[in-house]
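Values below: every heavy atom of this structure, side chains too, minus hydrogens, waters and symmetry copies.
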Amino acid sequence: MSEFCLVLCTCPDMESARNIARQSVEQGLAACVNIIPGLESVYQWQGELQTDSEIQLVSKTYKPKLDALYKLVVGLHPYDEPEWLIIEIADGSPTYLEWIKSCTK
């Protein structure tokens, strides 16, 4: 089982995406957060079909930081129910993984 993971979270606008990304890295909860604009999401919400432009955040983190990262995201996020998906990193460059660990201690 890996000690590292990626966290996916969408945001409605660049301001909230940058705020979450910056605070995640500044607080040592993620080593890096990619901000990927131009996403279009089609989904069900409260019984209605929705289509929205969103920004995808991809956070690289160390598993012991997940709870604190989740609390930060939920506290800053404008959505009632923000996307929070965790993808385990099966393997990677040992030096890159060590970098993630060192940034999130």
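- Between atom OH of residue Tyr70 and atom CG of residue Leu29 there is a gap of 14.5 Å, rounded to the nearest 0.5 Å.
- Taking hydrophobic clusters as Ile, Leu, Val, Met, Phe, Trp and Tyr residues chained together by side-chain heavy-atom distances below 4.5 Å, Ile20 shares a cluster with Leu66.
- Using a 3.5 Å distance cut-off with no hydrogens or angles, the side chains of Glu40 and Ser53 do not pair a donor with an acceptor.
- Rounding to the nearest 0.5 Å places CD1 of Ile36 at 11.5 Å from SG of Cys11.
- Rounded to the nearest 0.5 angstrom, Asp67 CG and Leu72 CG are separated by 12.5 Å.
- The backbone N or O of Thr10 sits less than 3.5 Å from a side-chain atom of His77, completing a donor-acceptor pair.
- Using modelled atom types, one finds a donor on one side chain and an acceptor on the other under 3.5 Å when comparing Asp13 with Ser16.
- Between Lys105 and Lys65, the closest heavy-atom pair is C-NZ, 4.0 Å.
- At a threshold of 4.5 Å between non-hydrogen side-chain atoms, the residues Ile100 and Glu3 do not count as touching.
- In this structure, the separation between CZ on Phe4 and OG1 on Thr104 is 7.0 Å, given to the nearest 0.5 Å.
- Cluster membership check: Trp45 does not share its hydrophobic cluster with Leu49, using side-chain heavy-atom separations under 4.5 Å among Ile, Leu, Val, Met, Phe, Trp and Tyr.
- Using a 4.5 Å heavy-atom cutoff, the side chains of Leu8 and Leu57 are not in contact.
- Among residues at least two apart or in separate chains, there is no salt bridge (charged side-chain N to carboxylate O under 4.0 Å, His left out) pair with a member in residues 15-35.
- Val7 places none of its side-chain heavy atoms less than 4.5 Å from the side chain of Val58.
- Shown are Val33, Leu76, Val73; of these, the side chain to side chain contact (heavy atoms under 4.5 Å, CB included) with Gln23 is made only by Leu76.
- Two residues are said to be in side-chain contact when any heavy atoms from C-beta on lie closer than 4.5 Å; Tyr43 and Thr51 fail this criterion.
- The salt bridge (Lys or Arg N to Asp or Glu O under 4.0 Å) check on Lys71 picks up nothing, with sequence neighbours excluded.
- Counted by atom type alone, Tyr79 and Glu54 present one or more donor-acceptor pairs between their side chains at under 3.5 Å.
- Closest approach of Ala31 to Trp99, counting heavy atoms only: O-CH2, 3.5 Å.
- Looking at Lys63 and Glu88, their side chains come closer than 4.5 Å, going by heavy atoms from C-beta outward.
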Side chain to side chain contact (heavy atoms under 4.5 Å, CB included) for Tyr62 and Leu69? Distances and angles first, verdict last. CA-CA 10 Å; Tyr62 184 50; Leu69 180 59; over 6 Å; no

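- Rounded to the nearest 0.5 Å, atoms CD1 (Ile87) and SG (Cys5) are 9.5 Å apart.
- Rounding to the nearest 0.5 angstrom, the gap separating the CD1 atom in Ile55 from the CE atom in Met14 is 4.5 Å.
- The closest side-chain donor-acceptor pair between Ser59 and Thr61, if any, does not fall under 3.5 angstrom.
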